[in-house]
Each structure stands twice: as structure tokens, then as C-alpha cells.
Visitor: 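Before I ask anything, here is the structure I am working with.
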Amino acid sequence: MNSLVLMAADSTSSASLTSSLIMFAAIILIFYFLIYRPQKKRDKEAKAMLAAMKKGDKVVTIGGIHGTIVTVKDKTVVVKVDDSARIEFSKEAISSVTSKDAVKTSPDAAKKEKKAVEAKAEEKAPETEVKAAEESEKTEETK
């Protein structure tokens with residue numbers, strides 16, 4: 001009789017262990033997709049933005065100072081704040097580049113730009129089809 005009790009207890013503990021492992025794996029996956037992966041993506045975009053900075057770009061620093069890049073060095077950037085005021089910042093102190101030629105840092109802006117490009121392509125597509133049809137008619141008429 002004692003052996004039946006031990007076998008029943010053993011099966012419940014293995015089921016409990018399995019469910020605990022499944023829950024632990026689920027928590028790890030949730031943390032990966034909600035915290036780790038988005039942070040890596042933001043870091044990658046920030047590095048690309050810092051690498052793409054060039055003279056003439058308008059920038060905003062972490063402290064909220066707005067200015068225009070005058071000189072880009074290896075680890076620092078000289079920013080023109082006023083007509084005669086120039087401040088040298090570490091590249092990491094630049095929070096965003098606000099010029100039109102700059103790398104987009106927000107994913108929403110990239111999505112909007114992609115949709116705008118697709119819309120323009122769709123508008124041009126019927127025009128090219130009409131032109132192609134007209135050209136084929138002209139070639140048929142000349143034959």
C-alpha cells in the first residue's frame with residue numbers, strides 16, 4: 001500500500017515540475033520579446049544615427065540643447081548653438097538628429113515614409129501602363 005502512495009506522489013511531482021518548467025520558459029520568452037529585443041533594436045538605431053551624423057545636421061542633445069553640427073570628430077561633435085557659441089559634446093550626448101537628411105530614429109516615421117513611397121509608386125504605375133499601351137499602339141500602326 002505504501003508503494004501505491006509513493007507512485008501517486010511521484011507522478012504529481014513530475015507533473016508539477018513540468019508545469020513549472022513550462023511557466024519558467026514562458027516568462028523568459030515574454031521578457032525576451034517585450035524587453036530585450038526592443039532594447040537591442042533601439043540601440044542599433046541609435047548607433048546608426050550617431051554614425052550617420054555629418055556637418056550641417058540639426059541635432060538635439062540629451063539636455064535639450066538645439067544646434068547645428070559644425071565639426072564631427074571621432075568621439076565628439078562640435079555644435080553651433082548661437083552665432084558665436086559653439087559647444088563640444090560627446091557623440092553619445094546627442095539624442096536625436098532633426099534634419100531632413102538624417103537617419104530616422106522612430107519606427108513610426110519609417111513606417112509613414114514607407115507608406116508614402118508605396119502610394120507614390122501606385123500612382124505612377126497606371127501612368128507607365130498607359131504610356132506602354134500608347135507606345136505599343138504606335139508600333140502596331142507603323143507596321
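Treat the numbers as computed from the prediction; the structure is a model and nothing was measured.
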Visitor: So, taking the atom named CE in Met49 and the one named NZ in Lys44, what distance separates them when rounded to the nearest 0.5 Å?
Guide: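 NZ of Lys44 is found 15.5 Å from CE of Met49.
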Visitor: Taking a hydrophobic cluster as the set of Ile, Leu, Val, Met, Phe, Trp and Tyr residues connected by side-chain heavy atoms closer than 4.5 Å, whether directly or through intermediates, do Val78 and Ile94 fall within one such cluster?
Guide: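 No.
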Visitor: Assess whether a salt bridge exists between Lys54 and Asp57, defined as any Lys/Arg side-chain N lying under 4.0 Å from an Asp/Glu carboxylate O.
Guide: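 Yes, this pair counts.
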Visitor: Any side-chain heavy atom of Lys41 sitting closer than 4.5 Å to one from Glu45?
Guide: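 Touching, per the 4.5 Å side-chain cut-off.
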Visitor: Cut-off 3.5 Å, no hydrogens considered: what does the side-chain donor-acceptor table look like for residues 60-76, sequence neighbours left out?
Guide:
residue: Thr61; atom: OG1; partner: Gly63; partner atom: N; Å: 3.4
residue: Thr61; atom: OG1; partner: Gly64; partner atom: N; Å: 3.4
residue: Thr61; atom: OG1; partner: Ile65; partner atom: N; Å: 3.0
residue: Thr76; atom: OG1; partner: Glu88; partner atom: OE2; Å: 2.8

Visitor: With hydrophobic residues grouped by side-chain heavy-atom distances under 4.5 Å, do Tyr36 and Phe33 end up in a single group?
Guide: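 As far as the 4.5 Å side-chain criterion goes, Phe33 and Tyr36 are connected within one cluster.
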Visitor: List, by chain and number, the other hydrophobic cluster members for Ile28, where Ile, Leu, Val, Met, Phe, Trp and Tyr join if side-chain heavy atoms come within less than 4.5 Å, directly or indirectly.
Guide: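 Hydrophobic cluster check, Ile28: joined to Phe24.
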Visitor: Show me, pair by pair, the donor-acceptor contacts under 3.5 angstrom made by side chains of residues 79-86, not counting sequence neighbours?
Guide:
none

Visitor: Rounded to the nearest 0.5 Å, what separation is found between the CD1 atom of Ile22 and the CG atom of Leu17?
Guide: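 That separation rounds to 10.0 Å.
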